A.B. asks: 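Got a structure here, written out as structure tokens. Questions coming.
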Amino acid sequence: MKLAFLASGRGSNLKALLSACRSGQVKAEPALVISDRPQAGALQVAADADVPHLLINSHDFQSRSEHERAIARELDKHGIDLVILAGYQRLLSPFLVGFLYEPRLGQSRILNIHPADTRRYQGLNGYAWALKEGLNETAVTVHFVDEGMDTGKIVAQAPLPMYADDTLESLQERGLALEHQLFPQATQKVIEELEQLCAAF
Ligand code: GAR
């Protein structure tokens with residue numbers, strides 16, 4: 001099973017997943033990391049782990065569809081089975097979701113992590129949203145990606161307690177630690193589902 005990661009930012013989830021691949025918790029080969037942003041820390045995380053990595057800068061393309069076609073060509077070239085959005089801050093178009101659609105699964109072969117309960121909040125800055133809402137508890141969610149924004153089928157979710165003295169920094173720190181546990185677990189669960197499907201056909 002070959003994994004590709006799309007990442008736009010610092011890459012802490014990427015780092016946790018690469019380490020889970022190394023330890024054998026995630027039974028797959030991290031075959032490719034693609035970032036849409038030259039300054040993304042994720043590119044350095046990939047370099048440090050000796051994982052092939054590429055910048056496919058969104059600014060070098062006229063349209064989202066051309067940018068995604070360049071990504072799809074690389075996924076194809078590397079024989080990627082599952083794509084992990086590890087802090088990828090762009091909404092995928094129906095083209096890329098369709099390109100990775102797995103009919104036997106009834107889902108795309110794309111996973112995303114979201115720093116909130118996707119049934120309650122979709123979009124950016126999930127931890128800031130939870131603080132603004134004054135919640136006692138929020139969540140982190142791993143879900144399949146569909147054509148909507150954070151609307152795909154939930155694979156795994158973990159509750160994140162919130163405290164009266166929480167700041168964005170403290171909540172984010174605990175939330176990220178939880179993301180780093182949940183994402184590898186959920187990824188391995190989906191890998192096992194995909195392997196069962198392959199064995200059945
Ligand atoms: C994570 O908190 C992730 O849940 C969030 O971005 C951060 C990426 O951090 N993703 C989204 O908001 C997706 N819409 P990282 O680059 O350190 O993994």
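Computed from a predicted structure; not experimentally measured. In this chain, numbering begins with 1 at the start of the sequence shown. All ligand and atom numbering here is 1-based and tracks the order in the structure. Values reported hereafter were calculated over all heavy atoms of this structure, with side chains retained and with hydrogens, waters and symmetry mates removed.
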A.B. asks: If we only consider heavy atoms of G126, is any one of them less than 4.0 Å away from an atom in ligand 1?
C.D. replies: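 Contact absent.
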
A.B. asks: Relative to each other, are the rings of H114 and H143 parallel, tilted or perpendicular (30° and 60° limits)?
C.D. replies: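 Perpendicular, since the angle between the ring planes exceeds 60°.
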
A.B. asks: Nearest non-hydrogen atom to atom 2 (O) of ligand 1 belongs to which of E179, R90, Q89?
C.D. replies: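 Answer by nearest heavy atom: E179.
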
A.B. asks: Please state which option from Q172, R10, H114 has its nearest heavy atom closest to atom 9 (O) of ligand 1.
C.D. replies: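 Selected option, by shortest heavy-atom distance: R10.
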
A.B. asks: Out of S12, G87, A7, whose heavy atom sits nearest atom 17 (O) of ligand 1?
C.D. replies: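 Among S12, G87, A7, the closest heavy atom to atom 17 (O) of ligand 1 belongs to S12.
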
A.B. asks: For atom 12 (O) of ligand 1, which protein heavy atom lies nearest, and how many Å away is it?
C.D. replies: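 Going atom by atom, the protein heavy atom closest to atom 12 (O) of ligand 1 ends up being P115 CD, 3.6 Å.
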
A.B. asks: Return the minimal non-hydrogen interatomic distance between F5 and P30, and the atom names on each side.
C.D. replies: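 Looking at all heavy atoms of both residues, the closest pair is CE1-CB, 3.8 Å.
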
A.B. asks: Distance to 0.1 Å, residue and atom name: give those for the protein heavy atom nearest to atom 10 (N) of ligand 1.
C.D. replies: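 That would be I113 O, 3.6 Å.
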
A.B. asks: What verdict does the side-chain hydrogen bond (donor to acceptor under 3.5 Å, both in side chains) test give for S8 and R90, after you've listed the backbone C-alpha separation in whole Å, the side-chain angles of each residue and the deciding distance to 0.1 Å?
C.D. replies: CA-CA 8 Å; S8 306; R90 304 177 72 80; over 6 Å; no

A.B. asks: Salt-bridge test for K77 and E74: reply yes if a basic N is under 4.0 Å from a carboxylate O, no otherwise.
C.D. replies: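 Salt bridge flag = yes for E74 with K77.
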
A.B. asks: Between R174 and D166, does at least one N-O distance fall below 4.0 Å, as a salt bridge requires?
C.D. replies: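 Yes, R174 and D166 are salt-bridged.
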
A.B. asks: For residues H180 and S12, is any side-chain donor paired with an opposing acceptor at under 3.5 Å?
C.D. replies: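 Yes, a side-chain donor-acceptor pair sits under 3.5 Å.
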
A.B. asks: With heavy atoms of G11 as the reference, note each atom of ligand 1 found under 4.0 Å away.
C.D. replies: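 Listed by number with element: 15 (P), 16 (O), 17 (O).
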
A.B. asks: How does N125 reach ligand 1, if at all, at less than 4.0 Å between non-hydrogen atoms: by side chain, backbone, both, or neither?
C.D. replies: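 Neither part.
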
A.B. asks: If we only count N/O pairs under 3.5 Å, is N13 in contact with ligand 1?
C.D. replies: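 Yes - when backbone and side-chain N and O of N13 are compared with those of ligand 1, one distance drops under 3.5 Å.
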
A.B. asks: So, D117 and T141: side-chain donor and acceptor under 3.5 Å apart, yes or no?
C.D. replies: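 No pair is found: no donor N or O on one side chain lies under 3.5 Å from an acceptor on the other.
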
